[in-house]
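Keep in mind it's a predicted model, so treat the numbers as computed, not measured.
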Amino acid sequence: MEEKTYVEDVDRSIYDIKNEETDVYKVSAGLTPEIVEKISEEKNDPAWMREFRLESLKTYNNMRIPDWGPPIDGLDMDNIVTYVRPNTKMSAKWSDVPEDIKNTFEKLGIPQAERASLAGVGAQFDSELVYHNVRKEVADQGVIYTDLESAMHGEYADMIQSHFMKLVKPNDHKFAALHGAVWSGGSFVYVPPGVTVEIPLQSYFRLNSPGAGQFEHTLIIVDEGANLHFIEGCSAPKYNVANLHAGCVELFVGKGAKLRYSTIENWSKNMYNLNTKRAIVEEDGVMEWVSGSFGSHVSYLYPMTILKGARSRMEFTGITFAGKGQNLDTGAKVVHSGAETSSYINTKSISKDGGISTFRSSVNIAKSAAHAKAAVSCQSLMLDEKSRSDTIPAMDIRSATADVGHEAKIGKISDDAVFYLMSRGVAEDDARAMIVSGFADNVSKELPLEYAVEMNNLIRLEMKGSIG
C-alpha cells in the first residue's frame, strides 16, 4: 500500500462530507438593509436587536477593509450568502435531528464525545443551531447553556442586552460591524457564583453551504468564584468558491473566577476566517486560552484579554499549521489595566509547502497596572525553502514598575538532530515527524485529548516524504 506523502494526500474525507441542500432557506447573496431586516425577521429579534443590526450595517459601510494583514481580495461580499437555515428546528433530543445532518455530526464524533466526557453540547449547522443539550446535574447547579436567540427572549434577556457586543463593538473593525449586522446562532453560557462545572461544555460549528458565511455569537459569563472549561470546534467541506467565517466570542470572567476556552479551527482551504474573540477579567480572575489553527485559506485571529481587576491573569497557548495555499495571520493581545496583573503568551507555528505563518502580539500595560508582569514567547519552524514565517510583536508599556519579556525564535529542522535519530534506527521521515511533534508538544498537552491525537496524526502524515 502506497504511503501518504504530501499535504494534499492527508485524508480530510471526514471534514469534506457535503450535505445536499434540500428545503434550505437562504437570503439573497450580498449585504443590504433589506437582507439585514429579513434576517432580523427570521430570528424574531426584539426591537433593540433589529436596530442594533441596522446601525452595525451603517458602521460596516463606513469602514475600510484592513490593509495590513494577508490579502483578502478573493472575498467578495456581493457573492456571500449571510443566512442559511437548514430544514430543521433546534432540538434537545439527538433523535429528532434530521438524518442527513445527524449523520454528518455522527461522523465528526460529536454525539460520542457528549456521551463520553462532556457536560453539554451545542451543534450549529450553517446559520442555525440544530441541537443543544446540557446534562441534568449541570443544569441543577444553575448553569445556563442554551442558544443565544432563546436567551434573548427569556429570563436572561436583560443580561444579554447589557453584554452583547459590549466587549467587541461594531466599530472595532469592519468585520466586527459585519458580524453585528448579520450574526446568527451561537451559544449563551452563564455559570452562577461559586459553581465549578467539573466537565467541559462544547459547541461545534459546521458550515455546509458553498458561498455562505457563518456568523455565530458566543457569550459566556462566569460569575464570581465560578470555574468553567469551554471547547469550541469548527470545520467545513472544501468548495471551489470562497466561504466566510466571521464569528464573535465575548467572555466575561468574574472576581476570583476561572475560564479555560479551547478552540480548534479546522476549516477547509477556501475559507476566509476573520474571527474576533475577547475576554475581560475581574479581580483575581483567570483566563486561559488554548488555540489551534489548522485550516482556512486566510486567517485573521488574535484573541484579546483585558486584565481589568487587580491580580487577574491570563495565559494564551496556541499553535498554527500553515500548508500550501494558506496565509495564517494569528496571535494574541493583552491589555493590563489592573495592578499586579500577569500574562503569558506562548505560541508555536509550523509552515510547509509554501505556507505563510505570521505571528502578531500586542501587549499594552497601562499606567494603572503597577507591578504588572508580561512574557511573550513565539517559536516558528519552517519545513522547506518555500515557506515563510514572520513575527511582529508590539509592546506599549506605560508603567515603570512593569516586568516585561519577549522571546522569538525562527528556525528549520536541525540536520544534526535528524542524523542522530537516524543513527538510532529511526527512518528519516519518522525522525522529522518526531522533531515536529516534539516542537508542538507543550501545546498539544493543553488540547482536549481527541484534538491532540488529531494534531499529532496530522503532523505525522504531513511529514511523510515532505522534505528531502
Would you mind reporting whether Thr82 and Met77 have side-chain heavy atoms less than 4.5 Å apart? yes

Does CZ belonging to Arg311 count more than 12 external heavy atoms closer than 6.0 Å? yes

With a 4.0 Å cut-off on N to O distance, would you call Glu288 and Arg260 a salt bridge? yes

Considering only heavy atoms from C-beta outward, does the side chain of Tyr344 approach that of Met314 to under 4.5 Å? no

Mutual orientation of the aromatic rings belonging to Tyr302 and Trp68 [parallel < 30°, tilted 30-60°, perpendicular > 60°]: tilted

Below 6.0 angstrom between ring centroids: does that apply to Tyr272 and His245? no

Just by distance, no angles: are the side chains of Thr320 and Ser357 close enough, under 3.5 Å, to form a donor-acceptor pair? no

Any side-chain heavy atom of Val249 sitting closer than 4.5 Å to one from Glu232? yes

Charged N to carboxylate O below 4.0 Å: is that the case for Asp329 and Arg360? yes

State whether a side-chain donor-acceptor pair under 3.5 Å links Ser291 with Thr263. no

Measure from NZ or CZ of Lys174 to the centre of the six-membered ring of Tyr60 and say whether it is under 6.0 Å with the direction within 45° of the ring axis. yes

May I ask you to test the Thr276-His173 pair for a side-chain heavy-atom distance under 4.5 Å? yes

Nearest non-hydrogen partners of Val143 and Val195, listed with the distance: CG2-CG1, 4.0 Å

Is it true that the side chains of Trp289 and Ser262 contain a donor and an acceptor less than 3.5 Å apart? no

Less than 6.0 Å separating the ring centroids of Tyr83 and Trp183? no

